[in-house]
Each structure stands twice: as structure tokens, then as C-alpha cells.
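Each remark here refers to the structure printed beneath this line.
Proteins come first, then strands; the chains are lettered A, B, ... in the order of their sequence lines, and each starts at number 1. Hydrogens, waters and symmetry mates play no part in the numbers below; they use all other heavy atoms, side chains included.
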Amino acid sequence: MIEFFTTYAERIILVVLILLILVSLVVFSGAVMSRWLLNRNIKRRERIRIYFGDLVIRYISGDLSFEKLKRQLHTVTDYIILLEVVNRLDLVLEGEEERRLKRLLNLKRIREYFTKQFENGKPLDAARACLYFSRQRKVKESLLPRIAEKTVDTVPAMAYSAGMAIMVHGNAAQKKVVIHNLMKNRGISNQAMSDLIKAFQSHTTDDRVAEGELLMDLIAARSYSPERTALMIRALGELGFYESAGFLLNEFEELDADDHDWLITEALIDVLTAFGMHEIQSKVRECFVASSYNIVRRASARALGVFPEKMNVHHLEWLLADSDFYVRFDAAKSLIDGHGIDPDELNVVALSEREWKELKGEIMESIKETA
Amino acid sequence: MSDIGVNILLGANIFFFLYFLYVNGAYIVLMLFSFIQTKKAKKESEIFQLSGLYDTGLYKSISILAPAYNEEASIIESTRALLNLEFSDYEVIVINDGSKDSTLEKLIGHFGLKKIDRYVPHNLEAKDVRAVYGSRRYPSLFVVDKVNGGKADALNAGINVSRKDLICAVDSDTLLEPTVLKQMLMAFVSNPDTVAVGGVVRVANGCTFENGGVKSVRVPDSVIGRIQAVEYLRAFLFGRTGWDYFDSLLIISGAFGVFDRKAVVKVGGYLHDTVGEDMELVVRLHRHYREKGEPYRVRFLPKPVCWTEVPENWTTLGKQRNRWHRGLADTLWRHRKMMFNKKYGRLGFLAMPFFLFVELLSPVIELVGYVVVTVSLILGVINIQFAALFIAAAVLLGMILSVLSVMLEELTFRRYDRLKDVMILILYAFLENLGYRQIHAWWRLRGLFDYLRGNKEWGEMVRTGAFSK
């Protein structure tokens, strides 16, 4: 082998070198050429985008008919750019303009494209198709069970998009199953879950009872994470489902004073306070004003400001000496706003003059902001 | 000279030649797969952007951890940039790691911070937290004041304070683009088993910035900055993307990485006694999940970008590279059990040996190679034509690989909008092989020796003020 290398080494290296010189020439000219080609392509797409942007705006404002706009669509690029334009406008339009825009989403070629994407087995493509279905005015009934099946997919984007399509087009039974599937999916963020619940609220044809009862069932099942449970409790509050107050009060009473989850406790105190459930006061005073979580103490301070009982004043004054600035802030604000106590008459002996001045400054700023 | 001596020298030359083929062959393979992976990632990203998935609330919540030690000059600016990110559910946790200057006072004064009693579980070992501060005006900002314990300790303290699903560790000399979090978190949305994601770190020197975002992307003005711009492109666009294809990514830059908080807590957080805590954590995550047989994914995305200030003087750059090499040596030594161990699959048979033979030992082999070739030339064992041709081939191949990474950037994300900048990068891709490469090998060789001597110093970083331009 050594002999082979000593004999042919120079020749081998020379061949390699020539090859590399050729490759580097190709790479160098390729770099220049690719920039030129890409620039040309980008400019072309930009031209088409401006053209279709203008056409779509004329169409949704009623200056151009649907048929005339349709006649301008020829190539795949045209459709892709049209979709981009529609997606962007869909975020800002409402009412009749939105309805006109949605008609564009129903163009046969676009519909066929997304149906194919849904069938192709790739989760991201199917997710994109489901999101498209959720934005359509109507979806074939026969498609809904298959979309609902996708909500058990482990890919969060897939499960979420399918869930959204069901929230918009599905029936009550489908929605119930889907919400349960999504709650269990650890990849679905709380924000996404909250958006799905909101979509449920805005697209439900039944009264809010169906949703409220479903949320109560899910909370009672106790099989979800504290984040999810807190989210559902807050959803009941946002729904204004007063019928759930008794149930939530029961959940609140069952909270362990020494070992409570701060997210669930905070949500229960906030929602029950908003529902005006004065029954919570004694437990808040006895257990939660001394919680080890500042978030729970803050919720307690806010709640005690809402209910006018005299005894709450003492506890709020006690919270004025809390180690957390914002617990002191909420307590002072509750005393001033909720119990009508003059700031100068507040018992703030636990605070130094500087601390009290700081606190008062923040409260005044907050009151000004609210006003 | 005796026949034995000649044969030894010839054998050594053949070894260096074969090593050269192995290294460059590996780079070419990485390049090819990184091209495929970049195209795939770009398509995925486009699907997200165009379908509307990008605008959903699918993203998990995230805590950005920004350790700060004596950063009074830049802390307000960098914290404000973090607060300007376009993301709905995030918190910024600045960890003042016992600064001796007025870092903490500046933060308190500027953001109107007040002491809060946030519950801090001691999930990870970290020095004592003196206080946690919050602000009503900036509800997503928290400042942790703690006893000095180093970067890893500060990050562990930040993780203890954090309450979100994910954590993102950023360096104080790093600027995140406003939309970067959404782009990074796509990986978690596409695959729930994802435990860590890295993004591209690019050179900020030469660029201009406005309102926490990059206004114009330009190559740096200095020679040393331009060479680093090429290095960063090569390292991120074809090194890490290529390893992502093989599901064997071993490094996520400490300047910019997102991790699943529970996963990091599960493996024990950042290690204190290493200077390569970023790589070490990623390797430990791999090791943990492979040993447990649990599904997981560590990903690299070529689209999300953060900008970092790079050293503009040779001494600081030398110290930085020395430290990086010590970190690499330390991680490979700690996890040597993974090497050629079938339990770790591709990591044990591809990635770890590559990092050992190509990344860690290359300065030794390269510099010894220069000596052996010189001696062989003097003794006439190889002739000058052969040596000249070989060096020319090596330089050209190095240049082609660098130029290809510049081209990869051109074909995909195109952050340099002027042809002039691309041409400058191509020129420096050629020039870096003549002198800089050898100096770089020397720094890394010293890093290896320093590691063997037990040196665990970080060294000072001199700021160039790239973000204030």
C-alpha cells in the first residue's frame, strides 16, 4: 500500500485538486447564479401578490365579482398566493366582508387541495387541512367523524386543528369527546385549550348549559392536571354559568388548607368571588390568607375586598404586613376601594414610611389606570 | 535515514491523508444531509406560517432565563429587548448572580421592581436566593437576586423560580428576534416528545439594530469578525442541521436554546463544575432518555435566529475557543461510557466518535501533521510537489465546504440581502484556511492541555457594543 501511495500519490492528489478546482468554480458561479434566480423569483411572486391583493380587496369591497376574480386564477402559484392573501385578511375582517372572503376559501381547487392534504397521512398537512375546514362555512357531515378521530393524535398541531374544526362544525356529543381527548393531550398548551373552549362557546347552538355541564363533569372527574382544572374553573366563570356555583363551592370546601394547589385555589377564589359566593369568606380568612403561595394570598386579599363583612378588614390589615409587596398592594387596595377606608387612616404600622409611600404611590397609579 | 524511519514517516503521512479523507468525507456527508434537513425544516416552517397554525395559541408557555453578572452597562437594554418578544405566554427571569456593580439597582429603578414572596421550590441545587422581585407594570418580568455561583448555578436558580412549561436560556450578549420564540416552539407543537431545541446563532457585529430587532444584516467590518461569521454559518447551518437529520444533535448553544423544564429538572439541571454546561446538559438528556428507553427528541431548527456579539480581538477569541474546547473535552470524558456503546445507537457510533476524533483531537492531529509533513519534506520522504498539491487540495476543500454553507443560507433563509456581503463571506471562506485555521488549531490544542491540567476558568468577554449600533 505504501508503495502504491509513493508511486501514485502525486497523480491522485493532482486529480483531486483538479476536481476540487472544478467544483469550486461550479460552487462560486452557483452562488452568484442562485442569487440572481432567487431574486427574479421573489420579484415575480411579489408582483403576483400585489396583483391578487388588489383583486381580493376589490372583491370583498364589492367592486369585483366572484366570477371575474376566479377567471384570473390560472397557475398553482396563483392559488398559493391567493391563499396567503386570504389568510392574512381573514385575521382582520368581520361580517359581510368576512363572508365574502370565506367564499374564496371554498374555490373548488382549494377545497380539493386541502381534502387531499387531509388524506395524505402526514400530520402537519392534515393539521393544515383541518384548520382550513374550521375556517369554512360548512363541512361535509361525513367528514366530521374522521376529523374527530384525529383529535387523539399525539402531534399537538394535528389534535388541536382537528379539535378546532369539530368545535366549529361538530355536534354536542362530538364536542364532548373531543374536549376530553384534547384535555388529555399533554402537548396542547393551556392557551390552545382555552382557545378551543372559547370556540366551543361561540359556535355552540345549544344554550350554555351543555358546555357548563360538560366542564363540571370534567372537573369532577379529577383526571386532569392542575393547570387544566384551573383553566376549566375559569372557563365556567367566563361563561357566567352561575349554576355551577354550588359545585365549585363544594370543590373549594374540599381544598386542603395545608396542601392545596395554588393554581386551582386561586381560580376557585376568583370565580366564586365573581359569583358573589360569600360562603367562601370564612375559609379564606382562616386558611388562605396565610397560604404559603403569594398568588393565593393575593387572591384572598382581592376576595376579602369584595365582601363587605367587618371581619375582613382585620384580615386585610394583617395582610398589609405580608412579605410580598403585591399581597400588601392588593390588601391595601381592597381596604381603600372595597371597604372605603381612607388611605391616611389605614393601620400600616408594620410598614416603614418609605414602604408605605411606595405602596400608596402604586395604588394611586393603579386607581388612575382603572379610571 | 534508515528504512524504518522512512517507513514510519511515510506511514504517518498516509495516516494524515486517511484522516483528512475521513474528516472531509464526514463533513461532505453532513453537508448533504443538512441540505435535505434544511429544506424539510423550511417547508415545515412555511406550512406553519401559511396555514395559520403559526398564529394559534398552540405554543407552550416559556420562561426566558437571563443570567447577569456585572452587566450594569447593558442590562436595561437587553431586558427591554426580552420584554418586547412577540409571544403571548412567557415570563422573563433575570438572574442577578451576585453582581458587584449596580446591575440589580438599575433593574429595580428602571422597571419599578418590588420584593415579592414567590414560592421557590428547591428542585435543583443552587446558591441561596436573596430575593425575588416583580413589577406591576411589567407583570411578566421577575428578577432573582442570588449569591454568586456562576452561570450554571444562576440558570438552576432561574429554573427553580420558573413556573412555565419550557425554559429558554439566553446569554446577556445575545439578542433574540421578536418572533423567534414562536419559530422555536414549532418543534414542540410538531412533536410532543421534544425535550430540547436549538436555533441558529449569528454574528451581530456589523449589523444594525432597532427596537430589539435587527434592522439590517451586514457582515462585520473586521477580519476576525468576518471569519467568525463564516464559522458560525458553517457550524450552525451544516454542522448542527446535519446532526439533526441523524437525530444525534449533541450541542445546543448556551446562547440560545429551549428546553422542557420538567426534563431538565429530571436530569438534575445544569452542571456546576464544567465550562461546557450547555453541551453537557444536552448529552445528559440524551443519555437519560436512552437509558430509560423513553421516547424523546432533541432538535435543531435552522430558521430561528438569535444574534450574538463575537470577540473582535485575538486574545479574547483565543480564550473563548480555549474554553469551548475544554468544555467539549470535559463532556466527552464525563460521558465516555456512551462511546461505541450500542445502547446509545447513532449517538454512540456516529456523533460521539465524530466529536472525539474530528472536533476534539483534530488540533492535535492537524498540528502534528504540519510538523511531520515539514520533516518529511526536509528529509525528502515526500516531495515538494506532492506537499504543495495536498495543501492546495486541503485549502480548496475547506473553502468549498464553507462556501456551500454560505450557499445553503442563500438558498434557504437569505439573511444577507446584499450580494456584496455574500461575496465577502465567500472570500473569507477562502482566506480563513490561510493562517486563521492554524491559529485556531493552536488555541484548541492549548484548550485540551488546559483541560488536562484541570483549568475551569471562564475568562472575561470584552463587549464590542454591537447592539447599540
Hey, are [X] and [Y] close enough for a salt bridge, meaning a charged N less than 4.0 Å from a carboxylate O?
{"X": "E46(A)", "Y": "K43(A)", "answer": "no"}
{"X": "E44(B)", "Y": "K40(B)", "answer": "no"}
{"X": "D330(A)", "Y": "R302(A)", "answer": "yes"}
{"X": "R418(B)", "Y": "D421(B)", "answer": "yes"}

Only pairs of heavy atoms separated by less than 4.5 Å count here; which of [options] has the most with chain B?
{"options": "S161(A), S189(A), A129(A)", "answer": "S189(A)"}
{"options": "R328(A), Q191(A), M193(A)", "answer": "Q191(A)"}
{"options": "D195(A), L19(A), L131(A), D125(A)", "answer": "L131(A)"}

Is [X] close to chain A through its backbone or its side chain, or both, or neither, when contacts mean heavy atoms under 4.5 Å?
{"X": "V422(B)", "answer": "side chain"}
{"X": "M423(B)", "answer": "side chain"}
{"X": "S61(B)", "answer": "neither"}

With a 3.5 Å distance limit and no angle check, can you tell me whether [X] reaches the backbone of [Y] through a side-chain donor-acceptor pair?
{"X": "R261(B)", "Y": "K164(B)", "answer": "yes"}
{"X": "R136(B)", "Y": "E362(A)", "answer": "yes"}
{"X": "Y132(A)", "Y": "L105(A)", "answer": "yes"}
{"X": "Y90(B)", "Y": "L85(B)", "answer": "yes"}
{"X": "S402(B)", "Y": "R234(B)", "answer": "no"}
{"X": "S29(A)", "Y": "L25(A)", "answer": "yes"}

Exercise. Of all heavy-atom pairs between S63(B) and E91(B), which one has the smallest distance, and what is that distance?
Worked result: OG-OE2, 2.6 Å
Exercise. Which pair of non-hydrogen atoms, one from R297(A) and one from V289(A), has the smallest distance, and what is that distance?
Worked result: CD-O, 3.2 Å
Exercise. Given the options A394(B), G112(B), S135(B), which has more heavy-atom pairs under 4.5 Å with chain A than any of the others?
Worked result: S135(B)
Exercise. Relative to chain A, which of L397(B), N191(B), D89(B), N13(B) shows the most heavy atom pairs under 4.5 Å?
Worked result: L397(B)
For this session: Measure the acute angle between the ring planes of F329(A) and F325(A), then classify it against the limits of 30° and 60° as parallel, tilted or perpendicular.
Result: parallel
For this session: Sequence neighbours left out, what passes ring pair (Phe, Tyr, Trp, His ring centres under 6.0 Å) with F20(B)? Give chain and number order.
Result: F390(B)
For [X], is it the side chain, the backbone, both or neither that has a heavy atom under 4.5 Å from a heavy atom of chain B?
{"X": "T154(A)", "answer": "both"}
{"X": "L359(A)", "answer": "neither"}
{"X": "I295(A)", "answer": "side chain"}

For this session: Would you please go through residues 258-266 of chain A and name the residues with a non-hydrogen atom below 4.5 Å from one of chain B, in numerical order?
Result: W262(A)
For this session: Could you list the residues that satisfy side chain to side chain contact (heavy atoms under 4.5 Å, CB included) with I391(B), not counting sequence neighbours?
Result: V395(B)
Exercise. If you check every heavy atom in residues 424-432 of chain B against those of chain A, which residues fall under 4.5 Å?
Worked result: I426(B)
